[in-house]
There are 2 protein chains.
Amino acid sequence: MKAQALHGHLDALLLAVLEQGSLHGYAIIESLRNRSDGQLDLPTGTIYPALRRLERAGHVASSWSTVNGRERRTYRLTDAGRQALAGERSGWREFSSTVGRFLDADIPPGAPA
Amino acid sequence: MKAQALHGHLDALLLAVLEQGSLHGYAIIESLRNRSDGQLDLPTGTIYPALRRLERAGHVASSWSTVNGRERRTYRLTDAGRQALAGERSGWREFSSTVGRFLDADIPPGAPA
DNA sequence: GCCGACAAGTAGGCTTGCTACGCATGAAGG
DNA sequence: CCTTCATGCGTAGCAAGCCTACTTGTCGGC
């Protein structure tokens, strides 16, 4: 699946992943890959700038730590981020139900449910 | 709702609208608005270039007609467009189920299905 | 005569994600 | 010892996609 189609929903995904616990960038990528059965395999060039954006927006906060001599930047969801996530969720439901009205409906007879 | 979030799915919506019958640009806009209860109110600057793209791609074909002295360009779905629509539909299901796994899940207890 | 609904279109800009890089450490294998 | 791979962070530049704002033109009502 072309991850490209994420357009506009990447931030929501990142917030959703961080909702279940703080993670560093590399782990976020793995979490997305695992939880989506490999369908979301996002490159670092997509994730890191997105995290920066979210931090600038105040939706996440980061702190450095060193593990095995490797520097990690761990991100956690802020209160504002939690609120933003709630908004993203309702926005997603609205979006998916609206688009679904056009694309999920009219399933040709014989198609599996 | 910010129609901006359509990113990447507009073509599919247009094809889906035309699936139910040929329409001219202005009528397509109205059809989207009506069938979405006013949630999709797309400006002409979004629709017309998109229809051009679809025509260039061979997914729709157009023909001019004059009604009440007003020129209309009516679009109809081609066979290739019908195939493309099928592909868009399966892509949409994959996309929505993948993103939904992150955003629909974890609905706090008490939320309506 | 003017304004609003109908009908089509273009130009330019902004956001967003991707590709392709670069840098650094630690463990494993030759 | 040296190379390679997995871990881990990051930037620069590009391409796609949709929106804002504007233009052109007809018809009907005031």
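FYI, side chains are in, hydrogens and waters are out, and symmetry mates aren't considered; it's all heavy atoms of this structure. What you see is a predicted model; the values in this text were computed from it and never measured. Numbers restart at 1 for each chain; the letters A, B, ... are given by sequence-line order, proteins then strands.
For B/S65 and B/R72, the side-chain atoms include no donor-acceptor pair closer than 3.5 Å. In this model, a donor atom of one side chain and an acceptor atom of the other lie less than 3.5 Å apart for A/Q20 and A/R35.
Within the structure, every side-chain polar atom (N or O) of A/Y48 is placed at least 4.0 Å from both OP1 and OP2 of D/dG10. Residue A/H24 places at least one side-chain N or O closer than 4.0 Å to OP1 or OP2 of D/dG8. The side chain of A/R52 contributes no N or O atom lying less than 4.0 Å from OP1 or OP2 of D/dC9. Residue A/R72 has a polar side-chain atom (N or O) positioned under 4.0 Å from OP1 or OP2 of D/dG8.
Salt bridge annotation for B/R76-B/E19: absent, with no cationic side-chain nitrogen under 4.0 angstrom from a carboxylate oxygen.
One can place CG of B/D41 at 16 Å from P of D/dC18, the figure rounded to the nearest angstrom. Rounded to a whole Å, the CD1 atom of B/I29 is 11 Å from the P atom of C/dA7. Between the P atom of D/dG17 and the CG atom of A/L10 lies a distance of 17 Å, rounded to the nearest Å. Across the protein-nucleic acid pair, B/E71 atom CD and D/dC27 atom P stand 11 Å apart, rounded to whole Å. The interatomic distance linking B/E55 (CD) with C/dA8 (C1') rounds to 13 Å, in whole Å. Computed from coordinates, the A/R73 CZ to D/dT11 C1' distance equals 13 Å when rounded to whole Å. The separation between B/D11 atom CG and D/dG17 atom P is 7 Å, rounded to whole Å.
Counting only distance, with no hydrogens or angles, the side chain of B/S31 and the backbone of B/A27 share no donor-acceptor pair below 3.5 Å.
Of the listed nucleotides (C/dC18, C/dA7, D/dC9), C/dA7 has the atom at the smallest distance from the side chain of B/Y26. Taking only side-chain atoms of B/T44, from C-beta outward, the nucleotide of C/dG9, D/dG8, C/dC18 with the closest atom is C/dG9. Picking from D/dT11, C/dT16, C/dT10 the nucleotide with the shortest atom distance to the side chain of B/P49 gives C/dT10.
Within 3.5 Å, a donor on the side chain of B/R70 pairs with an acceptor on the base of C/dC6, or the reverse.
When each of A/G69 and A/R53 is assigned the nucleotide of DNA chain C with its nearest heavy atom, A/R53 is the one assigned upstream, toward the 5' end.
More than 12 heavy atoms of other residues, nucleotides or ligands lie within 6.0 Å of CG in A/N34, so this atom counts as buried by the packing criterion.
Within 4.0 Å of A/G45, counting heavy atoms only, lies at least one base atom of the nucleic acid.
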